[in-house]
Amino acid sequence: MRQIEHWIAGKRVGSRSGRTAPVYDPATGQIRAEVALATADEVAGAVEAAAEAAALWRASSLSRRSEVLFAFHHLLASRVDEIAELISAEHGKVPSDAAGEVARGLENVEFSCGIPSLLKGGFSEQVSTGVDVHSVRQPLGVVAGITPFNFPAMVPLWMLANAIACGNAFVLKPSEKDPSTALVLADMLSEAGLPDGVFNVVQGDKEAVDALVDHSQVAAISFVGSTPVARSVYTRGTANGKRVQALGGAKNHMVVLPDAGVDLAADAAVSAAFGSAGERCMAISVVVAVGDIADPLIGAIAARMAKLRVGPGTDPEAEMGPLITAEHRDRVASYLAAAEANGATVVVDGRDHELAQGPWGFFLGASLLDGVHPGMAVYDDEIFGPVLSVVRVDSYDEAVALVNDNPYGNGTAIFTRDGGAARRFEFDVVCGMVGVNVPVPVPVAYYSFGGWKSSLFGDAAMYGPAGVDFYTRTKVVTTRWPDPSTSSVDLGFPRTR
Ligand code: NAD
């Protein structure tokens, strides 16, 4: 069986401990390879290599760092299709969707190519007589990224581009479910001229994550994954004195006001709910239909769902692939049975799809539920699959209360033709990222990505300007060049006048 290895100090390194896990092709259910699972000792080896490299990398010039990132961007852009196929083979999303995530990841590399201007500090002349102050941003040293299965290229790129550009060394712990993309990124960074040890990959599971979170030489942790793990990584990492940003799960609501165009809203709801089989942290999982738009909207969504093509990524016509594992597929399907038992109406049942009958692959068709309300597990839990719930409400105020009462606050959207209502929603809603007639409002790379409430632990959003802040610390230098003849002893606290 082929082994997917670690990447440490510029070399592929196999499992020393013999701990491994299977990696599946979700479209066939077959095992493609086994991935090495690092022990704490193996993680320590990667951190040591990173610490050694970080000391040299932080001394490299800004133009040198920018040159490496430009070269990396060029390589990545020229291999988008190949990476998309690899993602599709291990994750299951169709290649066109996978190419989209690589494109959004590339935006982050583009942003980090501008590092010389992003790292400009401040200077104040004559803060006191003959005294100047300037501030510089310096890297943290070794920083680690722990990433989820659902974006094996984009989420690592959210982190690594800025981390490396800022002069840190980076240790990536990708998801053990689709670990190969991380190694392709490693190859390309190396080919782009990044010195060995500045970027490392440790494959693994909880044991590797705990080892990174506990290692004294890891200065900061960027985590993206489910809320329970995000919360525990944040708590443990900060207790260990580290800077931690931990992005968690989501339950994204799309509010549709009565004046919204039914076709526009239905197109958006279907695209945002079922793209990547709903395995996106910014997927729409709840449509909040306000007033009498509910019936026509549900009809229009169901009509579109009937035309969705579910299939493997190797089928060029397929729009939605399988789920990540058989276990996850079964868990998602179990919410449909529970919702039905609790009184929801299953308008479209994904369990009936021919590919969901097996015997191969982890497929489940798209499902639509009506009459859902808080208190039902299908509403309360993050399902992370192709299940769209409709909650009917009578007013805008009820719709906003639903969004605001939800423990998650990643993304939300409003569909309306009324600019005043949209502006009010933008002001009222307790959520980190908001779309107006945009169902998946993932910010461009020169803004930053961050949910609120249980969707993000810590106060640092990811990538963009917030990423540069997260991966640097500010040093403030106060300078004077006095005439030595004017010097005297003065025990008073220094004053600025
Ligand atoms: P996950 O939490 O199971 O795993 C995320 C990472 O943590 C993986 O690298 C995994 O190996 C590791 N991990 C898993 N269990 C662990 C444990 N008990 N202790 C320590 N480490 C552990 O998440 P996933 O299933 O890979 O990804 C899906 C989740 O990620 C969803 O909840 C989704 O909403 C969320 N997500 C959030 C964002 C965001 O930006 N907020 C983006 C993408 C995905």
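For ligands, and for the atoms within them, numbers begin at 1 and follow the listed sequence.
Atoms of ligand 1 found under 4.0 Å from any heavy atom of Ile146 (numbered from 1 in listed order, with element): 6 (C), 7 (O), 9 (O). Counting atoms of ligand 1 from 1 in the listed order, those under 4.0 Å from a heavy atom of Val209 are 20 (C), 21 (N). For ligand 1, the atoms closer than 4.0 angstrom to any heavy atom of Phe223 are 5 (C), 6 (C), 7 (O). In the vicinity of Phe449, heavy-atom distances shorter than 4.0 Å reach the ligand 1 atoms 39 (C), 40 (O). Close contacts of ligand 1 with Asn410, meaning ligand atoms under 4.0 Å from a residue heavy atom, involve 41 (N).
Using a 4.0 Å cut-off between charged side-chain N and carboxylate O, Glu101 and Arg104 make no salt bridge.
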May I have the step-by-step check of side-chain contact (heavy atoms from CB on, under 4.5 Å) for Val403 and Val255, ending in yes or no?
CA-CA 9 Å; Val403 180; Val255 173; 4.1 Å; yes
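The closest approach between Val155 and ligand 1 stays at or above 4.0 Å for every heavy atom of the residue. Judged by the shortest distance from any of its heavy atoms, Gly451 lies outside the 4.0 Å radius around the atoms of ligand 1. For Trp158, the closest heavy-atom approach to ligand 1 falls below 4.0 Å.
By the 4.5 Å heavy-atom criterion applied to side chains, Phe384 and Ser226 are not counted as neighbours. Side-chain contact between Val468 and Phe111 is present, with at least one heavy-atom pair separated by less than 4.5 Å. Side chains of Arg331 and Thr325 form no contact here, defined as non-hydrogen atoms less than 4.5 Å apart. Considering only heavy atoms from C-beta on, Phe415 stays 4.5 Å or farther from Val287 through its side chain. Looking at heavy atoms from C-beta onward, Leu185 lies in side-chain contact with Leu160 at the 4.5 angstrom threshold.
Within the 4.0 Å heavy-atom criterion, the part of Glu176 lying near ligand 1 is the side chain and not the backbone. Counting heavy atoms closer than 4.0 Å to ligand 1, residue Glu382 contributes side-chain atoms (C-beta onward) but none from N, CA, C or O.
With hydrogens left out, the protein atom closest to atom 3 (O) of ligand 1 is Ser226 OG, 4.1 Å, a heavy atom. The single protein non-hydrogen atom nearest to atom 19 (N) of ligand 1 is Lys206 CG, 3.3 Å, given as residue, atom name and distance. In terms of protein heavy-atom proximity, atom 14 (C) of ligand 1 is nearest to Val229 CG2, 4.3 Å. From the protein, the heavy atom lying nearest to atom 6 (C) of ligand 1 is Thr147 O, 3.6 Å. Of the protein's heavy atoms, Asn150 OD1, 3.2 Å lies nearest to atom 44 (C) of ligand 1. Looking only at heavy atoms of the protein, atom 39 (C) of ligand 1 is closest to Cys281 SG, 3.4 Å. The protein heavy-atom contact nearest to atom 37 (C) of ligand 1 is Gly248 O, 3.1 Å. The protein heavy atom nearest to atom 24 (P) of ligand 1 is Phe149 CD2, 3.6 Å.
The option with the heavy atom closest to atom 30 (O) of ligand 1, from among Ala21, Gly225, Pro228, Gly450, is Gly225.
Distance screen at 4.0 Å: atom 21 (N) of ligand 1 has a protein heavy-atom neighbour inside the cut-off.
Within the structure, side-chain hydrogen bond (donor to acceptor under 3.5 Å, both in side chains) contacts touching residues 212-223 (residues at least two apart or in different chains) are Asp214-Arg236, Asp214-Asn240, Ser222-Gln245, Ser222-Tyr471. The salt bridge (charged side-chain N to carboxylate O under 4.0 Å, His left out) pairs that include a residue from residues 266-284 are Asp97-Arg280, Asp267-Arg304, where partners are two or more places apart or lie in different chains.
Considering backbone and side-chain N/O of Val224, none are found under 3.5 Å from N/O of ligand 1.
Note that the CE atom of Met433 and the OH atom of Tyr447 stand 14.5 Å from one another [nearest 0.5 Å].
In summary, the aromatic rings of Tyr408 and His253 are positioned with their centroids too far apart to meet the 6.0 Å limit. Taking the six-membered ring wherever Trp is involved, the centroid distance between the rings of Phe149 and His91 falls below 6.0 Å.
Between the side chains of Thr39 and Glu42, a donor-acceptor pair is found at a separation under 3.5 Å.
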